[in-house]
Amino acid sequence: MNKVRKIAFFGGTFDPVHDGHLEIAQKAVDQLDLDRVIFIPCRRSPHKSDAPGAEDLDRFRMLELATEDRPWAGVSDFELQRPPPSFTWETVRHFKEIFEESTRLFLLVGFDQWESLPRWKNVETLAHDVEFIVVGRSLQPEPREGYRAHFIEGNHPASASEIRQDLKGSRKASWLHKNVSRYISEKDLYSSVR
């Protein structure tokens, strides 16, 4: 009998991808025995007013560099190819049509996203299609009726906004994969972002 595949989606701006993102994904793989985590950079989040500091192609390339040594990781440009904003339920529906019916689909979200889920577009459809993997830091998420959820702890100190500020101020940024750090330096990313 074939093993049911477990695939998780991890969406975000990844501006830039940092060690905290990778640690969260690794914990999800380890604790839930995931076969694959697909990182999906969004073109423009409907929950953020600002555009990302790095171009779409650069954010996608940084994800490829950060995950190339992790056999369970993949990167998709699906949302980058669509007009903004990106809606998670549409992305999940796209992939659901591709994967075998027996595949278990998961969505990796942070505590803040879990708390704001009722305001997401077509969240009922999303809750039908995926099991949520909720990452809590100091605050522990509460279960929500009608949602299948798994809770994991994540308290990595990395912050994309702080990394961007360090890079803007010509300071060495912490918490970046060495290949991502090199790429940012070569492309002179974030030196003039907010």
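Here the closest non-hydrogen pair linking Ala54 and Tyr190 is CB-OH, 3.4 Å. Arg36 and Gly74 get closest at one heavy-atom pair: NH2-CA, 3.5 Å. Nearest heavy-atom pair, Ala66 versus Val180, reported as atom, atom and distance to 0.1 Å: CB-CG2, 3.7 Å. Scanning all heavy atoms of the two residues, the minimum distance from Val134 to Ala149 falls at CG2-CB, 4.5 Å. For the residue pair Val123 and Leu117, the shortest heavy atom distance occurs at CG2-O, 3.4 Å. Counting all heavy atoms, side chain and backbone alike, Val75 lies closest to Pro41 at CG1-CD, 4.3 Å.
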Self-check item: Test side-chain contact (heavy atoms from CB on, under 4.5 Å) applied to Leu108 and Val135, step by step
Solution: CA-CA 8 Å; Leu108 193 50; Val135 182; 3.8 Å; yes
Quiz item: What do the steps show when you test Ile40 against Phe95 for side-chain contact (heavy atoms from CB on, under 4.5 Å), and what is the final call?
Solution: CA-CA 11 Å; Ile40 305 174; Phe95 283 101; 3.9 Å; yes
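Val92 and Phe99 fall within a single hydrophobic cluster, where Ile, Leu, Val, Met, Phe, Trp and Tyr are joined by side-chain heavy atoms under 4.5 Å apart, directly or via other members.
Formation of a donor-acceptor pair under 3.5 Å by the Ser159 side chain with backbone atoms of Glu162 is found in this model. Arg148 places a side-chain N or O within donor-acceptor distance of the main-chain N or O of Val130, the cut-off being under 3.5 Å. The backbone N or O of Cys42 lies less than 3.5 Å from a partner atom in the side chain of Arg59, making a donor-acceptor pair. A donor-acceptor contact shorter than 3.5 Å is absent between the side chain of Lys6 and the backbone of Leu105. Judged purely by atom type and a 3.5 angstrom limit, Ser185 has no side-chain atom pairing as donor or acceptor with the backbone of Ser181. At least one donor-acceptor pair under 3.5 Å links the side chain of Trp114 to the backbone N or O of Glu142.
With values rounded to the nearest 0.5 angstrom, Asp188 atom CG is found 10.0 Å from Leu167 atom CG. Between the CZ atom of Arg144 and the CD atom of Glu115 there is a distance of 6.0 Å, given to the nearest 0.5 Å. How far CD1 of Ile163 is from OG of Ser174: 8.0 Å, rounded to the nearest 0.5 Å. Here the straight-line distance linking atom CG of Asp69 with atom CG of Asn179 works out to 7.5 Å at 0.5 Å rounding. Expressed to the nearest 0.5 Å, how far CG of Leu65 lies from NZ of Lys178 amounts to 10.5 Å.
Salt bridge annotation for Arg164-Asp15: present, with a cationic side-chain nitrogen under 4.0 angstrom from a carboxylate oxygen. Using a cut-off of 4.0 Å between Lys/Arg side-chain N and Asp/Glu carboxylate O, Asp58 and Arg61 are scored as not salt-bridged. Ion pairing between a basic and an acidic side chain is recognised when a charged N comes within 4.0 Å of a carboxylate O; Glu100 and Arg5 show no such pairing. With salt bridges taken as basic N to acidic carboxylate O contacts below 4.0 Å, none links Lys121 and Glu90.
For the residue pair Trp72 and Gln26, a side-chain donor N or O sits within less than 3.5 Å of a side-chain acceptor on the partner.
Summarising the local packing, CD of Glu55 is surrounded by 12 or fewer heavy atoms from other residues, nucleotides or ligands at distances under 6.0 Å. Other residues, nucleotides and ligands place no more than 12 heavy atoms under 6.0 Å from the NZ atom of Lys187. Surrounding NE2 of His150 are more than 12 heavy atoms belonging to other residues, nucleotides or ligands, all under 6.0 Å away.
In this structure, His94 has its ring center under 6.0 Å from that of Phe78. Ring centers of Phe132 and Phe106: at least 6.0 Å apart, outside the cut-off. Between His21 and Phe39, the ring center distance fails the sub-6.0 Å criterion.
Taking the six-membered ring for Trp and thresholds of 30 and 60 degrees, Trp175 and His156 have ring planes more than 60 degrees apart, a perpendicular arrangement.
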